[in-house]
Amino acid sequence: MKLVIQIPCWNEQACIADVIASLPRGMPGIDIIEIMIIDDGSSDATAEVAAKAGVDEVVRLPRHMGLAEAFSAGIAAAIRRNADILVNTDADMPYPSVHIEQLILPILKKQADIVLGNRLSSTPEPFSPLKMMLERLGTVFVRFFSSVPVMDAASGFRAFNRDAIMAMFIHGKFSYTMETLMLAGIKRFRLVNVPITINPPRRKSRLVKNIPGYIGRSIGAVVRAFLMYHPLRFFVGIGSLFLCVSLVLGIRYMVFFAQGNSAGHVQSLILLAILALMGFQSIVLGLIGEVIAANRRLLEEIRLKLIKNEDYH
């Protein structure tokens, strides 16, 4: 049983050695532990410091490409290294490494495919009241769209089993956290939440430069993933709304017509026609999108079979 711990990092020479030193080198149920650094185009000596600290591999991206690309590069490297379990943690050391053992335990017991570290259950609360409220609201939003019982959607402290590793194909360019949860729901993976504590922050977050921008991009990632895999549900919902409004306008106009007072309500007929047309167009878009989504699922299944044949045998 091989565990690979990956750490995406960008200009983290000041703390990467401490993170690597804190990682476990052995634990029950695991035969091999490998540590992998994903250097996201750092301009400092992050890669060199990590190599001296004794990591098993440094994956270097040609330039700074963002957290989602770094995570995807780590997934590809974990597949190549025949990982049975992949743990993702952050380079600025927000998550105590002592939690890794409890993070992978549900996978070892075959109770989960993906395990998330839940920071929001900590006492005292790890964030300010405003951030706690936003984190919880965002988690509810992701839980609704993904249909997985996630308790801390933004947590980057995660473990994946072999099946989940191979299914993680990230399309977005901002962050992997929301899209992987959407994929967990789409692929019907079993998700377990494990309560964890967090370390005091060592620097300001580079991902969350401002809260409104982060919220907007996170919502965009969730909606985009939902559209990619459930276009019919999305567009039929919008189309049905337009058609319902047009039906109400039609009934209203018929009432006026029966009363002989329809002459002054021609604009209602025009609005009715516009909304009905928009409703039908939305449903047609959903049908077209569903065909495209079916082709995407087929391509992903082919990709998955190729990975299984070439890398895990």
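Residue indices begin at 1 and follow the sequence shown. Just so it is clear, the model here is predicted, and its values are computed rather than measured.
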For this session: Return the set of residues passing side chain to side chain donor-acceptor pair (under 3.5 Å) with Ser146 (not counting sequence neighbours), or none when no residue passes.
Result: none
Problem set entry | Shared hydrophobic cluster for Met228 and Val148 (ILVMFWY, side-chain gaps under 4.5 Å) | yes
Exercise. Side chains of Asn82 and Arg162: closer than 4.5 Å at any heavy-atom pair?
Worked result: no
For this session: Classify the ring geometry between His64 and Trp10 as parallel (under 30°), tilted (30 to 60°) or perpendicular (over 60°).
Result: parallel
For this session: Please examine the side chains of Glu12 and Asp44, heavy atoms only from C-beta on, and report whether any two atoms are closer than 4.5 Å.
Result: no
Exercise. Is the closest basic N to carboxylate O distance between Arg190 and Asp113 below 4.0 Å?
Worked result: yes
Exercise. Side chains of Met151 and Arg143: does their closest heavy-atom pair fall under 4.5 Å?
Worked result: yes
Problem set entry | Side chain to side chain, Val87 and Arg158, heavy atoms closer than 4.5 Å | no
For this session: For Glu57 and Ile37, run side-chain contact (heavy atoms from CB on, under 4.5 Å): C-alpha distance rounded to whole Å, both residues' side-chain angles, the deciding distance at 0.1 Å, then the answer.
Result: CA-CA 6 Å; Glu57 183 176 359; Ile37 300 298; over 6 Å; no
Exercise. Are the side chains of Ile7 and Ile38 in touch, meaning some heavy atoms are under 4.5 Å apart?
Worked result: no
For this session: Please check if Leu272 and Ile274 belong to a single hydrophobic cluster, counting links between Ile, Leu, Val, Met, Phe, Trp and Tyr side chain heavy atoms closer than 4.5 Å.
Result: yes
Exercise. Heavy atoms, side chains only, cut-off 4.5 Å: are Ile198 and Phe127 in contact?
Worked result: yes
For this session: Could you go through the salt bridge (Lys or Arg N to Asp or Glu O under 4.0 Å) check for Arg136 and Glu125 one step at a time?
Result: CA-CA 12 Å; Arg136 286 175 173 145; Glu125 293 183 341; 3.5 Å; yes
Problem set entry | Parallel, tilted or perpendicular: ring planes of Phe157 versus His99, cut at 30 and 60 degrees | perpendicular
Problem set entry | Residue Arg188 excluded, over 12 heavy atoms near CZ under 6.0 Å | no
For this session: Could you please spell out the steps behind the side-chain contact (heavy atoms from CB on, under 4.5 Å) verdict for Met178 and Val222?
Result: CA-CA 6 Å; Met178 305 304 170; Val222 172; 3.7 Å; yes
Problem set entry | Side-chain touch Ser97/Thr89, heavy atoms, less than 4.5 angstrom | no
Exercise. Are the side chain of Asp31 and the backbone of Met1 linked by a donor-acceptor contact shorter than 3.5 Å?
Worked result: yes
Exercise. If two hydrophobic side chains count as joined below 4.5 Å and joins carry through other members, does Leu61 share a cluster with Leu86?
Worked result: no
Problem set entry | Check ion pair Glu34-Arg80 (N to O, under 4.0 angstrom) | no
For this session: Return yes if some donor-acceptor pair links the side-chain N/O of Asn88 with the main-chain N/O of Gly156 below 3.5 Å, else return no.
Result: yes
Problem set entry | More than 12 heavy atoms of other groups within 6.0 Å of Met27 CE | yes
For this session: Verify the cluster assignment for Ile196 and Phe160: are they in a single hydrophobic cluster under the rule of side-chain heavy atoms below 4.5 Å apart?
Result: no
Distance-only donor-acceptor pairs under 3.5 Å for side chains of residues 233-252, two or more places apart:
from: Arg233; atom 1: NH2; to: His230; atom 2: ND1; distance (Å): 3.2
from: Ser240; atom 1: OG; to: Val236; atom 2: O; distance (Å): 2.7
from: Ser246; atom 1: OG; to: Phe242; atom 2: O; distance (Å): 3.4
from: Ser246; atom 1: OG; to: Leu243; atom 2: O; distance (Å): 2.7
from: Arg252; atom 1: NH1; to: Ser268; atom 2: OG; distance (Å): 2.9

For this session: Begin with the C-alpha distance, continue with both residues' side-chain angles, and end with the deciding distance and a verdict on salt bridge (Lys or Arg N to Asp or Glu O under 4.0 Å) for Arg119 and Asp152.
Result: CA-CA 7 Å; Arg119 306 162 298 170; Asp152 184 1; 2.7 Å; yes
Problem set entry | Check against side-chain contact (heavy atoms from CB on, under 4.5 Å), Leu191 and Val115 | CA-CA 6 Å; Leu191 187 141; Val115 184; over 6 Å; no
Exercise. Any link between Met36 and Leu103 through a network of hydrophobic side chains (Ile, Leu, Val, Met, Phe, Trp, Tyr) touching at under 4.5 Å?
Worked result: no
For this session: Begin from the C-alpha positions of Ile85 and Lys2 and carry the test side-chain contact (heavy atoms from CB on, under 4.5 Å) through to its verdict.
Result: CA-CA 6 Å; Ile85 302 175; Lys2 178 187 282 190; over 6 Å; no
Problem set entry | Heavy-atom side-chain proximity of Thr180 to Ile170 below 4.5 angstrom | yes
